[in-house]
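Following: one structure in structure tokens, then a few remarks.
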Amino acid sequence: VNNVRRSVPTWWPPLFGLMVVVAIIAAIQGLLVAGVLNRYIVPLPTEVMAAIPRLFLEEDIFARFLTTLEECLIAFVLVAMIGIALGALLYRLQLLRAAVESSIAAFASAPIVLMYPLFLVVFGRATRTVVIIGLIAGLPPVILKTVEGLATTRRVLIDVGRSFNLSQLQLFAKILFPAALPTIFVGLRLGLIFALINIIGVEFLINFGGLGQIINDLAERYDIAGTYAAILFVVAISMLFFAVTEWIERWLRSHT
Amino acid sequence: MVEVAHLSRGLVPWPGRLAWLRVALVALVAAAWEVVARSGLLYRDVVPSLLAIMQALAVVLATPSFYGHLAVTAGEVAASLVLGGGFGIAIGLALGVSRFLSQAFEHFLYWLGPTPKIILFPILIMWCGVGPASKIGMGAISAFFPIVLSVASGLRAIDPVLVRVGRSFNAGWWQMVAKIYLPAMRVPILNGIRLGFGVALIGTLLAETKLSNAGIGFLVMNAYSLFNMPAMYAMLIVLFTLAIAVNELLGTLIGPRALVAPSKNANRQRGSP
């Protein structure tokens, strides 16, 4: 849109953004010290920083992280297996696809996570409850993107496979699946992020498990600096997840 | 688009067959539910018979106070959409217009977007108290991200030809906004609001289930603690129906062309490389 300012060096805008964030944090510190903001609501940024080592030493946040990571990995493997299988099934059964595709999209927009009390009753307050909620949250994008990827495979590729007399299974394994992989991966990435969001959310809500629970714990102990520090930690983890999946997706795209 | 092209190949299902299949699927799910409910395979109370759920639905819908709670939740979601949407559209427009601002700040939004917003709830309670304000804050923060990213990338995606056409007609500032930018922005803004509505609803309701004394989230938790499962199902049915209806309504406003199935990813796709 704006090609007036092409002369700005590329490092300057991100640096400017970072400087603004630092300035805002410094301003908050100043306002707190001056007594304009209430220190019982907003802790000093320096206190939050000081609380981070405490999270590692006293709260064992790394073990919490591993718990959440494990839940995510189990949910993710299940999401990938079930989601891709269901997507391939819907691709084969076009009539079924026409009947349920919009329902799956609607399902994805309904607040399923609100059903967590139900899962508590059925599965108990246990890891499997958290994993199953993550699974349900992550499935719709994977199913929909798998169908989309398979359905948009170029006709030419399929015809090439047919001309080599490939069996249905070979056609799927050698032509359709590889061609759909980039699209499927978009779905997997969304599915993983949805699963992570819901897993941490449910941990927080039912006060059980990994990173979600620690925030709840610290907030209930009214450890304000600790709560903020733990939230920063979770934000960092989400950013990491986002960056890693994006990196894998880019790698996959350039290698397929 | 793709779907239609695809259906035309192979077995052409005429509408009647599709409708029958849908009816059959719903009947199948209902029958399976009823079998599980009657068999006692799962605890009877967890999977109540459909009859019990329908009765509870009737009771819930006939209770006047239910509508009060519904109004509380609806008000919170509406307020959070106005708040989060207002900020989202304003900041999204700024990011879309200015390359510099976009390069300086947009990556923060992409990073914070996938964070589970519910973890901010303890802070919101400290800031806004335990009343509706903290739920509105929760919903507003949730709605902000998909809306701001959708608006920013939508503005960048406007066909430059349209802008040049406007200029060549010597359109004034207001004419450019009304005739070129707004019509071109209708779909991304509505799409953002549609995504924002979904996450605002979830944010508000989850906050209500965690700590509140009014709203549907509160009622659901109340039914859960009394172990009144049919009532809980009934309320979830009402809620899901409303959520899907609003979603569909926004979808129709957007128009069939933009209704590609999981448009949730729209908020995560980068507008420009």
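Protein chains get the first letters and strands the later ones, always in sequence-line order, with residue 1 at the start of each.
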What part of [X] gets within 4.5 angstrom of chain B, counting heavy atoms only: side chain, backbone, both, or neither?
X: A/L118; answer: both
X: A/F241; answer: neither
X: A/M19; answer: neither

Heavy-atom cut-off 4.5 Å, strictly under: side chain, backbone, both or neither for [X] against chain A?
X: B/L206; result: both
X: B/L205; result: both
X: B/L239; result: side chain
X: B/F227; result: side chain

Against B/I119, only a single residue in A/I231, A/T227, A/N216, A/I197 fulfils side chain to side chain contact (heavy atoms under 4.5 Å, CB included); can you say which? A/I231
Max heavy-atom pair count under 4.5 Å with chain A, selected residue of B/M126, B/K117, B/R22: B/R22
Please lay out, stage by stage, how A/I215 and B/F121 fare under the test side chain to side chain contact (heavy atoms under 4.5 Å, CB included). CA-CA 10 Å; A/I215 294 173; B/F121 191 50; over 6 Å; no
Quick check: do [X] and [Y] have side-chain heavy atoms less than 4.5 Å from each other?
X: A/L96; Y: B/L25; value: yes
X: B/W127; Y: A/V42; value: yes
X: B/F105; Y: A/V20; value: yes
X: B/K210; Y: A/F204; value: yes

Does the side chain to side chain contact (heavy atoms under 4.5 Å, CB included) test come out yes or no for B/Q103 and A/W11, once each step is laid out? CA-CA 9 Å; B/Q103 285 174 348; A/W11 49 264; over 6 Å; no
Quick one: of A/I41, A/L211, A/I237, who has the most non-hydrogen atom pairs under 4.5 Å with chain B? A/I41
Spacing of [X] atom [atom1] and [Y] atom [atom2] [to the nearest 0.5 Å]:
X: B/F100; Y: A/F16; atom1: CZ; atom2: CZ; result: 5.0 Å
X: B/E208; Y: A/L114; atom1: CD; atom2: CG; result: 9.0 Å
X: A/L205; Y: B/T209; atom1: CG; atom2: OG1; result: 5.0 Å
X: A/F242; Y: B/Y110; atom1: CZ; atom2: OH; result: 7.5 Å

For a quick test of reading the model, state the closest non-hydrogen atom pair linking [X] to [Y] and the distance between them.
X: B/P116; Y: A/S238; result: CD-OG, 3.7 Å
X: B/L18; Y: A/L95; result: CD1-O, 3.7 Å
X: A/P117; Y: B/M221; result: CG-SD, 3.8 Å

Flag if over 12 foreign heavy atoms under 6.0 Å of CZ, A/R154: no
Around atom CZ of A/R125, are there more than 12 heavy atoms from other residues, nucleotides or ligands closer than 6.0 Å? yes
Would B/T115 and A/M239 count as a side chain to side chain contact (heavy atoms under 4.5 Å, CB included) here? Give the steps. CA-CA 7 Å; B/T115 313; A/M239 275 163 50; 5.7 Å; no
